[in-house]
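This report concerns only the one structure given below.
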Amino acid sequence: MGILLARNRTELRKLADSLFATLEGASVTQTLGFVPTMGALHEGHATLIRKSARENAITVVSIFVNPRQFGANEDLAKYPRTLDEDLDLCEKAGAHLVFAPTVDDIYPHDFRTQVSVSQMDSVLCGAFRPGHFNGVCTVVMLLLNLIRPQRAYFGLKDFQQYSILARMMSDLEHPATIIGVPTVRDSHGLALSSRNRFLDEHALQTSLKIPRALSAAAELYLRGEQRSSELIHEAKKYLTNDLGFELQYCELRDASMLQNVEFQIETDAVLAVAAFVTGADGVKTRLIDNIFLTRDLDHREALLTLIESASRQEDIG
Ligand code: AMP
């Protein structure tokens, strides 16, 4: 059986029910994993889907470019849409069903509700993208209610999104377990993103400042540095503004509530960066990235991989 595609809520329910019916000895222990996306899928998304496919009987991927999370001057219209290739990637990664609804199906004309997570949504990206996380929370809550998964998978590349959604699900006692998946990077350390396809050769080179900065701060942290001023200072050495690069923020925040780490890291923290990169073709792209600074050995590997790929980058450059 090929991958199933549902274009609206009614098809989703029908296909999800029929999928469960085909499971041999279907029982309450058979779980459903859910991977929400905006499409233009790449290896980062594939990693989330493969993890879900390993951990659940059924994996559902949603592909929905959510207008409510784009600001008036943002790239909603030009956000890449590649459904045929996306279906192929989902199938190869082990998904069973793709939910790719229309905007009208998700937001009928009488839709009035908005979900928001206060304070955490007004720092980092939220300070520059007002309303963005309300849009994210609202659509994710709706998708969770439609798909009813036991597990939902999100990338730690969008760390603020992950922590806000974790807070939302915990505050509202949503029964699904949220799972954060470490950032997938290219061989130079650049975090994979659907927006990377807008980068020309020049912008690609410039964008490598970001993994280089995060890697330098990660190395310092692994050598025992805990002071936020020192860690931020180290990263900013690499984030100098020039014609092709404009730093929006570089901040150290505690990993659970995203509060400012004023003096030194006490618990897990995240060093997060957002910047605009402009190519020789004049195309300006906003990129975000972060590293998770933690004593948790499970996440050490991600730090070491980043450091290794950034040093490979220096060898080449
Ligand atoms: P998006 O389509 O950009 O909304 O992303 C859908 C999901 O994939 C989100 O949970 C992202 O955090 C995750 N994701 C995107 N890029 C990466 C990456 N490079 N590594 C890991 N997860 C990612």
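We number each residue from 1, following the sequence as shown. Note that ligands are numbered from 1 as they come in the structure, with each ligand's atoms numbered from 1 the same way.
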Please identify which atoms of ligand 1 are closer than 4.0 Å to at least one heavy atom of T183.
20 (N), 21 (C)
Please determine if R227 and E234 form a salt bridge, counting it only when a charged side-chain N lies under 4.0 Å from a carboxylate O.
no
Which of the atoms in ligand 1, numbered in the order shown and given with their element, are less than 4.0 Å from a heavy-atom of L192?
16 (N), 17 (C), 18 (C), 19 (N)
Closest protein heavy atom (residue, atom, distance) for atom 20 (N) of ligand 1:
V184 N, 2.8 Å
Pairs flagged by salt bridge (charged side-chain N to carboxylate O under 4.0 Å, His left out) wherever residues 288-297 is involved - sequence neighbours left out
R185-D289
Which option out of I288, D158, N66 puts a heavy atom nearest to atom 14 (N) of ligand 1?
D158
Taking distance alone, with N or O pairs closer than 3.5 Å, would you say G155 contacts ligand 1?
yes
Would you call H42 a ligand 1 contact, heavy-atom distance under 4.0 Å?
yes
What distance separates Q205 CD from D200 CG, expressed to the nearest 0.5 Å?
10.5 Å
Is there a side-chain contact (heavy atoms from CB on, under 4.5 Å) between Q161 and V140 once you walk through the steps?
CA-CA 11 Å; Q161 168 174 283; V140 169; over 6 Å; no
Would you mind listing which atoms of ligand 1 come within a distance below 4.0 Å of any non-hydrogen atom of M38?
1 (P), 2 (O), 4 (O)
Please lay out, stage by stage, how I232 and E251 fare under the test side-chain contact (heavy atoms from CB on, under 4.5 Å).
CA-CA 7 Å; I232 291 172; E251 291 183 31; 5.5 Å; no
Who's the nearest protein heavy-atom neighbour of atom 8 (O) of ligand 1, and how far?
H45 CD2, 3.4 Å
Out of all atoms in ligand 1, which are within 4.0 Å of some heavy atom of P182? Include the element for each.
21 (C)
Distance, nearest 0.5 Å, that separates CG of L287 from OG of S207
6.0 Å
Crowding at CD, Q119 (>12 non-hydrogen neighbours, <6.0 Å):
no
So is there a nitrogen or oxygen of L48 less than 3.5 Å from a nitrogen or oxygen in ligand 1?
no
I need the atoms of ligand 1 closer than 4.0 Å to a non-hydrogen atom of K157, numbered in the order shown.
16 (N), 17 (C), 19 (N)
Atoms in ligand 1 with a heavy atom of P36 nearer than 4.0 Å
6 (C), 7 (C)
If we number the atoms of ligand 1 from 1 as shown, the ones under 4.0 Å from a heavy atom of F154 are 10 (O)
Do L172 and F34 sit in the same hydrophobic cluster, where Ile, Leu, Val, Met, Phe, Trp and Tyr count as joined when their side-chain heavy atoms come under 4.5 Å apart?
yes
S52 side, atom OG; I179 side, atom CD1 - distance, nearest 0.5 Å
8.0 Å
